[in-house]
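When a ligand or atom number is given, it counts from 1 through the structure's own listing order.
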Amino acid sequence: MPRLPFEVQSRLPAVGTTIFTRMSRLAQECGAINLSQGFPDFEADPELFARVQHWMRAGANQYAPMAGMPQLREAIATKLQALYGAAYDAETEITVTAGATQALFTAVAALVHPGDEVIVFEPVYDSYIPAIELQGGMVRRARLQAPDYRPDWAEVAALISPRTRMIMINTPHNPSGAVWSAADMAQLAALVRGTDIIIVSDEVYEHIVFDGASHESVARYPELAERSLVVSSFGKTYHVTGWKVGYLCAPAALMAEFRKVHQFNVFTVNTPVQLALADFMANPAHHLELAAFYQQKRDQFRAALAATRFERLPCAGTYFQTVRYGAISDASDTAFVEWLTREVGVAAIPLSAFFTDGRDEGVIRFCFAKRPETLQAACERLERFC
Ligand code: PMP
Ligand code: GLN
């Protein structure tokens, strides 16, 4: 094509290609074991595939209702009741989305007005800030400090102003693997009490919490749930990140606003996949077994890393393990992961990618959602060079 005959005015001038895309591409170019972008290297349950095939053949191939298939919304409501004691109305308070990314983006687009302030916690998942800025929102950053990445509630309190419209939280947390406690939720509840602040709670790793701890969903706390939009993703829960199906639940008044935008940026999500997910959810073991399944992987990976000079930071949930590499190299985290990918043959994500100012604390993230043999092969390489 000929060159664009004018200069395009970018809405996101500071944004390039995401770190996940770049590191996965580099891993592929170098033939490295890819522990960077978060996705499993094993297959989902064949029963789930059989249900998709069943529904496609049964003719469930046209548009689903805008909010999602009723069967799936009912299954989600049943799970929310069973796990968190939360009563969400499947008709008016649950919407099926094209993954968590769309749910988060649509929530921000529906509720943040130009000039509104939105508080996020850094290191922050990469999609939040662009979503806020595209709506003309003003980002306010609270810090999560290594090694345990706990929120500093006094700092959050100081960030709240009359213009604060929203707080976006994420537990279990990507990239740190930190999990918020009941005490954190109580602090959050105290801060928003009596305000009109909306909470967006990204809980895509809700079923991946280790060592017998419980996931503190905002849905558990009526005082928080009444002002929250809760987001989850079937990609994480059923090992199908490429399907891009998730959901959002919220009180009816917030959901009504969410759906006004959802109907125009997605309208509706893949019908046979929704029906298959509804069937699969009927067996709660499919999500209840996830924590033990991933804890085994975390333990295998952490144990093997003990033979390296990496300093392992705590990992209470998610499928990510963060480490400090200061005993191995004084390179920047970006240079270090490039070296690791090219020379050692293991790709990782630098945590500076989750800071707006590119803050480099000498920490990188590995994804352990991999087969035991993949983890073993990666660790053999890491042991040799690190
Ligand atoms: N939020 C967090 C914290 C995530 O880690 C991810 C995906 N890794 C998403 C949102 C996006 O999920 P989805 O693929 O369902 O859009
Ligand atoms: N959320 C995944 C991760 O943290 C990546 C998803 C993406 O590539 N956007 O690695």
For atom 11 (C) of ligand 1, the protein heavy atom that lies nearest, with its residue and separation: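 It is T101 OG1, 3.3 Å.
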[X]: numbered ligand 1 atoms lying under 4.0 Å from its heavy atoms:
{"X": "K236", "answer": "6 (C), 7 (C), 8 (N)"}
{"X": "K244", "answer": "13 (P), 14 (O), 16 (O)"}
{"X": "N170", "answer": "3 (C)"}
{"X": "G99", "answer": "15 (O), 16 (O)"}
{"X": "S233", "answer": "13 (P), 15 (O)"}
{"X": "N174", "answer": "3 (C), 4 (C), 5 (O)"}

I'd like the name of whichever of Y128, F105, F39, Y125 reaches closest to atom 6 (C) of ligand 1 through any heavy atom.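 Ranked by closest heavy atom to atom 6 (C) of ligand 1, first place is Y125.
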Which residue pairs pass the ring-ring contact (aromatic ring centres under 6.0 Å, His included) test when at least one of the two sits in residues 168-193, sequence neighbours left out?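 Qualifying pairs: F121-W180, W153-W180.
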Apart from L134 itself, residues in the same hydrophobic cluster as defined by side-chain heavy atoms under 4.5 Å: L12, V15, F105
Excluding L4, membership of its hydrophobic cluster (Ile, Leu, Val, Met, Phe, Trp, Tyr; side-chain heavy atoms within less than 4.5 Å) reads F6, V8
Does the N or O separation between A100 and ligand 1 drop below 3.5 Å for any pair?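 Min N/O separation from ligand 1 is below 3.5 Å for A100.
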With a heavy-atom distance limit of 4.0 Å, tell me whether Y205 approaches ligand 1 through its side chain, its backbone, both, or neither. side chain
Part of V231 with heavy atoms under 4.0 Å of ligand 1, whether side chain, backbone, both or neither: neither
Show me, by chain and number, every protein residue that has a heavy-atom distance under 4.0 Å to ligand 2.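 F20, Q37, G38, Y125, N174, K236, F320, R365.
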